[in-house]
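All chains are named by letter (A, B, ...) in the order of the sequence lines, taking the proteins before the strands, and each is independently numbered beginning at 1.
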Amino acid sequence: MENFSQWYSEILERAEIYDVRYPIKGCGVYLPYGFKIRRYTLDILRGLLEERGHEEVLFPLLIPEDLLAKEGEHIKGFEDEVFWVTHGGRKPLEVKLALRPTSETAIYYMMKLWIKVHKDLPIKIYQVVNTFRYETKHTRPLIRLREIMTFKEAHTAHATREDAENQVGEAIDIYREFFHELGIPVIISRRPEWDKFPGAEYTVAFDTVFPDGRVIQIGTVHNLGQNFSRTFDLEFETLEGGKDYVYQTCYGISDRVIASIIAIHGDERGLILPPNVAPIQVVIIPLLFKGKREIVERKAEELYKLLKEIGIRVEIDKRDIRPGRKFHHWELRGVPVRIEVGPKDIEDKVVTLYRRDTGEKYKIKEEDIKGEVLDLLERIGKNMRERAEGRMKGYITLLDYKEDTSIEEIVGRVKEILKKKRGIVLIPFSGKIYNEDFEEKVEASILGVTEYNGGKYIAVGRTY
RNA sequence: GGGCCUGUGGGGUAGCCUGGUCUAUCCUUUGGGAUUUGGGAUCCUGAGACCCCAGUUCAAAUCUGGGCAGGCCCA
């Protein structure tokens with residue numbers, strides 16, 4: 001896509017998703033249409049989590065300084081980007097309060113009160129909250145925010161290392177399915193030591209590639225081992241009557257998912273929304289002519305009711321503007337299916353359908369409407385996913401090298417690929433390459449170690 | 001972290017260099033009305049802006065400083 005950056009900000013505004021004009025850097029407003037996309041997206045995520053035994057909770061925004069600072073490695077990872085509440089009215093506070101950059105410390109403080117014996121485990125909870133990071137530069141709407149308005153964070157505690165390990169697997173499955181539902185292709189990799197979540201034993205991350213060829217992290221899963229449970233004293237009585245610290249995991253998804261839905265599927269005409277998160281799945285446009293208004297309006301209502309009955313999110317655009325204008329309006333907003341209702345069609349007992357993903361327009365028999373629409377929404381979701389996957393493949397380059405190839409040559413080739421084609425370069429794993437030194441030389445990020453077609457690779461790309 | 005650039009109706013812009021003519025341009029948006037309506041209609045009529053604070057000056061959208069906000073480049 002030519003100039004993705006510009007396209008992206010324009011689409012946020014014109015499709016009424018998110019208003020960037022709020023007068024604080026890195027803070028904006030979800031508009032009704034954007035908020036609905038967000039809500040349907042979260043509905044999917046909530047469903048997946050709850051199917052697997054997670055329960056939703058809600059923790060305070062404020063975290064006292066001593067709590068936040070308790071886990072040494074963790075706080076080091078965040079200390080330069082924490083917002084602090086220092087005053088209550090005019091009085092300075094005795095203990096500064098942080099606006100949560102993430103909630104590990106708050107949640108684990110409480111977990112201590114909840115966990116006594118192995119029967120209290122596992123605990124699997126999640127919340128959807130706002131979090132704060134004082135980004136000094138390069139904030140971007142929904143991608144790099146100071147107030148992350150949507151942070152779904154799940155936290156689990158387990159009696160054994162093995163259970164925690166399994167939980168990591170479950171979390172990966174959940175996210176894999178989540179992104180599948182949204183038609184967002186991902187590369188899953190284990191982050192390098194030097195880039196893992198502060199306080200974690202290891203981090204598994206989900207990345208996708210935006211139309212400008214840059215890589216963006218859109219989900220993370222962390223195995224915390226006993227790092228936090230030791231500092232927060234999350235001790236419990238084991239089955240055998242001994243004592244042990246719990247084994248923990250946490251995993252998160254943010255506003256970047258919404259950004260990805262927009263970026264991955266959109267085209268020159270605007271958004272293309274996956275049917276399962278589209279606020280309006282079908283829009284009916286009545287084509288009104290003098291003398292034939294009523295018959296068209298009645299038919300539109302009739303179709304509206306039929307579709308409503310089968311649970312489709314459908315609207316009739318009754319505004320008094322030209323149909324062409326309406327077409328553009330709803331195409332910009334990514335509505336998957338449009339139905340045009342005009343006098344000719346009514347006479348012929350047919351309905352005209354338009355699908356946003358391919359731009360195809362066709363007629364069906366009126367009586368087939370219910371089945372066809374349900375099926376079409378299904379086909380659109382599938383087609384969008386396949387198209388996105390195809391594009392992602394085009395952004396992945398396998399780089400092979402021989403035993404005696406020098407590091408310098410590999411660096412040179414990686415740089416060239418990233419310059420020309422961008423995206424992700426996969427290099428067969430080697431310890432010689434998997435280090436910060438190499439990362440520095442290629443002037444890009446080592447995303448981590450990933451499996452691809454059965455092989456073990458180091459993934460490299462320029463990130464957001 | 002270092003450097004550069006920008007801020008004019010809801011959005012995009014002209015004007016700024018060379019202060020006065022700005023009662024601020026054009027496109028889009030938007031309220032009302034009429035004729036229209038199978039891919040962004042037309043006409044009539046209305047609405048809407050110089051980021052904030054200080055300074056220079058008889059006079060500031062225009063010059064200076066700071067703040068806030070946005071964008072770009074390099075590490």
Visitor: How about K361(A) and R338(A): do any of their side-chain heavy atoms sit closer than 4.5 Å?
Guide: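 Yes; the side chains approach each other to less than 4.5 Å.
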Visitor: Distance check: side-chain N/O of R14(A) vs OP1/OP2 of rG10(B), anything under 4.0 Å?
Guide: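 Result: no.
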Visitor: Can you tell me, in whole Å, how much space there is between the P of rA24(B) and that of rA41(B)?
Guide: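 Each nucleotide's P atom is 30 Å from the other's.
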Visitor: Say we look at rG19(B) and rU62(B): how far apart would their P atoms be, to the nearest angstrom?
Guide: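 Roughly 12 Å separates the two P atoms.
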Visitor: Represent RNA chain B in dot-bracket notation, 5' to 3'. Only Watson-Crick or G-U wobble pairs with both distances under 3.5 Å count; pseudoknot-style crossings use [ ] and interstrand partners use |.
Guide: (((((((..(((.......[.....)))(((((((.....)))))))...(((((..]....)))))))))))).
Visitor: Take Y434(A) and W194(A) through the ring pair (Phe, Tyr, Trp, His ring centres under 6.0 Å) test and state the conclusion after the steps.
Guide: CA-CA 11 Å; Y434(A) 196 58; W194(A) 64 88; 5.6 Å; yes
Visitor: For the side chain of T352(A), starting at C-beta, report the closest nucleotide among rG39(B), rU37(B), rG38(B).
Guide: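 For the T352(A) side chain, the nearest candidate turns out to be rG38(B).
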Visitor: What closest approach, in Å, do D317(A) and W330(A) show between heavy atoms, and which atom pair accounts for it?
Guide: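 Nearest heavy atoms, D317(A) then W330(A): OD2-NE1, 2.7 Å.
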Visitor: Nearest whole angstrom, please: distance from the P of rG40(B) to the CG of L287(A).
Guide: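 My rounded result for the distance is 12 Å.
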Visitor: For the side chain of R21(A), counting heavy atoms from C-beta on, which of rG39(B), rG11(B), rG38(B) is nearest?
Guide: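 Side chain of R21(A) sits closest to rG11(B).
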Visitor: Are the ring centres of F210(A) and F4(A) closer than 6.0 Å?
Guide: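 Close enough - the centres of the two rings lie under 6.0 Å apart.
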Visitor: Quantified in whole Å, what is the P atom distance between nucleotide rA49(B) and nucleotide rU57(B)?
Guide: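 Looking at atom P only, rA49(B) and rU57(B) are 31 Å apart.
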Visitor: On a plain distance test, is the side chain of K361(A) in donor-acceptor contact with the base of rG39(B) below 3.5 Å?
Guide: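 Yes, a donor-acceptor pair under 3.5 Å.
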Visitor: Minimum heavy-atom separation for I107(A) to F59(A), with atom names?
Guide: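 That closest heavy-atom pairing would be CA-CE2, 3.5 Å.
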Visitor: Between rG12(B) and rG70(B), how far apart are the P atoms? Round to whole Å, please.
Guide: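 Per the computed distance, 14 Å lies between those P atoms.
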Visitor: Under a 4.0 Å N-O cut-off, is there an ion pair linking E135(A) with R140(A)?
Guide: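 So E135(A) does not pair with R140(A) through a salt bridge.
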Visitor: Can a donor-acceptor pair be found between the side chains of Q217(A) and T463(A) at a distance below 3.5 Å?
Guide: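 Side-chain D/A pair, Q217(A) to T463(A): absent.
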Visitor: What I want to check is whether an N or O donor and acceptor connect the side chain of E331(A) with the base of rG39(B) at under 3.5 Å.
Guide: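 Such a pair exists between side chain and base.
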Visitor: Measure from CG on D320(A) to P on rG32(B) and round the result to the nearest Å.
Guide: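 About 11 Å, once rounded to whole Å.
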Visitor: So R319(A), base contact, sugar-phosphate only, or nothing? Heavy-atom distance under 4.0 Å.
Guide: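 Contact class for R319(A): none.
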Visitor: So what does K344(A) touch, heavy atoms closer than 4.0 Å: a base, only the sugar-phosphate, or nothing?
Guide: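 K344(A): base contact, heavy atoms under 4.0 Å.
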Visitor: Between rC16(B) and rC5(B), how far apart are the two C1' atoms, rounded to whole Å?
Guide: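 It comes out at 16 Å once rounded to the nearest Å.
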Visitor: Could you encode protein contacts along nucleotides 68-75 of chain B as a string, one character per nucleotide from 5' to 3', using B for base contact, S for sugar-phosphate-only contact and - for no contact, with a heavy-atom cut-off of under 4.0 Å?
Guide: -SSSSB--
Visitor: Determine the interatomic distance between P on rA47(B) and the same-named atom on rA54(B); round to the nearest Å.
Guide: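 Taking atom P in both rA47(B) and rA54(B), they lie 31 Å apart.
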Visitor: Under 3.5 Å, is there a donor-acceptor pair between the T105(A) and K70(A) side chains?
Guide: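 There is no such pair (donor and acceptor under 3.5 Å, judged by atom type) between the side chains of T105(A) and K70(A).
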Visitor: Is it the case that rU37(B) (base atoms only) and R325(A) (side chain only) share a donor and an acceptor within less than 3.5 Å, ignoring hydrogens and angles?
Guide: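 Looking at the base of rU37(B), it does not pair with any donor or acceptor on the side chain of R325(A) (distance under 3.5 Å).
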Visitor: Without decimals, in angstroms, what is the distance between L288(A) CG and rU36(B) P?
Guide: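 After rounding, the gap between these two atoms is 14 Å.
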Visitor: Can you check whether H222(A) and Y251(A) have ring centres sitting under 6.0 Å from each other?
Guide: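 No.
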Visitor: For rC74(B) versus rU30(B), give the span between their P atoms, rounded off to a whole number of Å.
Guide: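 Here rC74(B) and rU30(B) have their P atoms 40 Å from each other.
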Visitor: Nearest whole angstrom, please: distance from the C1' of rU30(B) to the CD of E16(A).
Guide: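 About 13 Å, once rounded to whole Å.
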Visitor: Could you state the CD1-P distance from I321(A) to rU29(B), rounded to the nearest angstrom?
Guide: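 About 10 Å, once rounded to whole Å.
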Visitor: Is the number of heavy atoms from other residues, nucleotides or ligands under 6.0 Å of I44(A) CD1 greater than 12?
Guide: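 Atom CD1 in I44(A) is crowded, with more than 12 foreign heavy atoms closer than 6.0 Å.
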Visitor: Under 4.0 Å, counting only non-hydrogen atoms across every strand here, what does E13(A) touch: a base, just sugar-phosphate, or nothing?
Guide: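 If one applies the 4.0 Å heavy-atom cut-off, E13(A) turns out to touch the sugar-phosphate alone, with no base involved.
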Visitor: Could you tell me how far rG7(B) sits from rU13(B) if I compare only their P atoms? Round to whole Å.
Guide: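 Roughly 10 Å separates the two P atoms.
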Visitor: Is it true that, when you exclude Y452(A) itself, more than 12 heavy atoms of the residues, nucleotides or ligands shown sit nearer than 6.0 Å to its OH?
Guide: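 Counting neighbours around OH of Y452(A), more than 12 heavy atoms of other residues, nucleotides or ligands fall under 6.0 Å, so yes.
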